[in-house]
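Below is one structure, written out as structure tokens, with a few remarks after it.
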Amino acid sequence: MSKKSFRQAVNEALRQEMERDPTVVLMGEDVGGGMGAPGEDDAWGGPLGVTKGLMSQFGRERVLDTPITESAFIGAAAGAALRGLRPVAELMFVDFMGVCFDQIFNQAAKFRYMFGGTAKTPLVIRTMYGAGFRAASQHSQCLYPIFTHVPGLKVVIPSSPYEAKGLLIQAIRDDDPVIFFEHKVMYDDEEDVPDDPYTIPFGEARFVREGEDVTIVAIGRMVQMASKAADALAKEGISCTVLDPRTTSPLDLQSILESVQETGRLVIVDEANPRCNIATDISAQVVEQAFESLKAPIRMVCPPHTPVPFSPALEDAFIPSPEKIAAVVRSVMASPTRQAAA
Amino acid sequence: MEPSRALQLNREELLRAYRQMRTIREFEERVHTEFSSGAIPGFVHLYAGEEAVAVGVCMHLTERDCIASTHRGHGHCIAKGCDVKGMMAEIFGRADGLCGGKGGSMHIADVAKGMLGANGIVGGGAPLACGAALAAKTLKTGGVAVAFGGDGASNQGTTAESMNLATVWKLPVIFVLEDNGYAESTASSWSIGGDAVKRAEGFGMPGVRVDGHDFFAVYEAMHDPIARARAGEGPSFLHVKVNRYYGHFEGDAQTYRAPGEVQRLRAEMDCIERFRKRVTEAKVLEEKDLAAIDREVLELIEESVRAAKAAAYPPPPALLSDVYVSYP
């Protein structure tokens with residue numbers, strides 16, 4: 001066990017799985033870097049250095065730099081997965097799904113069903129998401145709700161370095177296509193991460209903290225924001241459960257329902273745009289299955305229905321903050337308590 | 001040009017080629033009839049007229065090799081060795097179809113046999129073929145992959161991207177452009193800007209144009225691409241000029257075609273008739289050999305349809321299965 005950054009945790013998961021299983025290959029734009037160029041090999045290790053050192057260790061046959069050609073290499077990863085490899089493809093920014101989504105949602109996601117269960121597609125697509133990097137509208141989106149919508153895909157959104165390592169190893173060992181979301185402002189976050197490989201199962205939510213008054217479900221980076229809000233609220237005497245679903249497909253609805261049945265109040269924090277996102281999805285399912293437990297209306301804390309702006313002044317206003325979350329929790333606590341249904 | 005290597009095919013190989021072409025033809029003619037009668041649901045896109053392409057290409061392949069197919073995939077399936085009865089049951093939507101009735105005509109597949117699926121997305125298959133080729137290269141199986149695509153797919157970005165990637169990664173893949181004259185209702189002479197073979201050459205791979213009505217020409221044209229792929233020298237390209245006897249989909253009135261076009265093609269260009277003439281005139285096979293195959297194929301198709309119609313539909317729980325390998 002030692003302190004590791006989110007970046008190191010992801011790198012270590014990839015390295016350990018590549019050491020364990022020779023069928024694991026990486027591919028993507030600049031995952032090594034410097035291909036065909038006069039300077040160093042393994043020049044970048046991805047634009048933010050996450051895969052640094054892997055090409056040097058495993059060679060160019062297992063760490064494949066690609067041209068800028070997402071349709072071709074994401075599709076090639078899907079085809080290779082059908083034929084015995086376990087590719088981990090890097091879609092540099094999830095915003096680039098627009099140029100390759102067919103290969104993900106019409107091909108990889110559907111093979112198993114269309115082929116009557118005769119195929120498996122053990123594919124991982126790692127991708128960066130999220131606002132806060134001053135990267136503007138085409139490099140800052142969340143978009144995981146779109147993937148969550150598609151049957152056949154699993155969607156993983158780790159909320160810390162420890163979570164990232166265990167969930168990524170699980171993703172690589174998983175026999176279904178997995179979209180693995182890494183928040184670009186979290187790469188330098190540090191915490192204790194075991195040195196040995198370990199897995200975290202999909203579909204099991206993490207109780208980050210347990211409280212009595214309100215359940216806060218938070219996705220990805222929003223887990224940190226919700227935890228800070230919960231710290232502040234604790235000082236005011238409001239006791240919050242913070243729940244990290246870890247994966248939005250499969251979704252551990254059971255844990256959410258059990259928590260809501262205990263607290264009677266639900267706030268959902270989602271960095272994705274507010275229409276048809278994970279917050280609306282969870283909200284609908286809780287209303288459908290645990291309406292009687294609710295003492296107050298469900299509230300969602302999300303960005304506005306806008307693209308992500310560039311100006312730091314606007315981008316900071318776009319992202320759900322601990323202050324906004326705390327304010328929403330206070331308003332939920334202030335709602336007149338609804339009479340439980342007879 | 002005398003297709004020397006093709007004539008070196010032995011008697012058994014020629015009989016196999018004929019049987020496959022005849023099987024594809026009778027399969028498609030029967031699907032046409034059954035679809036017209038309302039027995040087959042959904043969309044079907046028939047390969048009749050193009051048999052020499054699938055068979056001429058796939059004669060070079062074994063089960064370690066893969067193909068990615070198109071909307072018009074029945075011929076590729078049969079040429080790659082998929083079970084005909086399983087295919088027919090699939091097209092009828094039955095439980096014992098190749099894909100349990102869940103794929104249908106547009107998604108028919110047999111991954112174990114290296115048939116990576118017909119594809120409902122025009123241009124969807126080329127990246128998958130690159131992936132299969134990458135797997136073969138990485139795992140050192142000696143296998144190659146063939147990306148079939150139509151003239152419509154040839155204008156999709158996925159095709160261009162895949163051809164580039166195949167050259168950059170030096171993949172053992174062969175791109176076979178089946179140019180049957182029409183992408184849906186649009187003439188390929190109009191839709192393909194420039195020259196398809198020159199496009200391939202622009203991507204750094206050898207390309208040839210070949211007459212898809214001539215099994216021997218297709219078989220011959222595949223020789224060098226296969227040898228190049230197996231030797232680890234990278235991708236190649238074939239531009240196969242051919243014709244289809246039916247519409248884009250069944251039910252297409254084909255008002256975009258010239259009057260009498262299909263009748264003329266059937267009378268003058270038919271790949272199966274050409275094959276018969278060639279092998280019987282060369283006295284390599286006799287009419288009675290071919291007639292025997294014709295009878296056996298008709299029996300097989302008849303039995304396939306009979307079995308498909310008698311087969312059960314998938315049971316209701318099948319709706320929910322096979323989405324994932326595991327899902328808590």
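In what follows, chains are A, B, ... by sequence order, proteins preceding strands, each numbered from 1.
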Verdict with supporting geometry, A/Y144 and A/F147, ring-ring contact (aromatic ring centres under 6.0 Å, His included): CA-CA 5 Å; A/Y144 42 74; A/F147 295 87; 9.2 Å; no
Would you check if the side chain of A/D176 reaches a backbone N or O of B/S326 as a donor-acceptor pair within less than 3.5 Å? yes
Heavy-atom cut-off 4.5 Å, strictly under: side chain, backbone, both or neither for B/D110 against chain A? neither
Name the region of B/T141, side chain, backbone, both or neither, that has any atom closer than 4.5 Å to a heavy atom of chain A. neither
Taking NZ, NE, NH1 and NH2 as the nitrogens, is one of them in B/E34 or B/K309 under 4.0 Å from a carboxylate oxygen of the other? yes
Counting only non-hydrogen atoms closer than 4.5 Å, does A/K154 touch chain B with its backbone (N, CA, C, O), its side chain (CB onward), both, or neither? both
Between A/R206 and A/E163, is there a salt bridge with N-O shorter than 4.0 Å? yes
I'd like to know if A/R86 pairs up with A/D174 as an ion pair, taking the criterion as any Lys NZ or Arg NE/NH1/NH2 lying under 4.0 Å from an Asp or Glu carboxylate oxygen. no
Portion of B/A318 that has a non-hydrogen atom of chain A nearer than 4.5 angstrom: backbone
So, A/D21 and A/R173, do they make that salt bridge, N to O below 4.0 Å? no
Sort out for me which of B/K137, B/E161, B/M163, B/M106 touches chain A most, counting heavy-atom pairs under 4.5 Å. B/E161
Region of A/S249 in contact with chain B, defined by heavy-atom distances below 4.5 Å: both
So for A/D175, is it side chain, backbone, both, or neither that comes closer than 4.5 Å to the heavy atoms of chain B? both
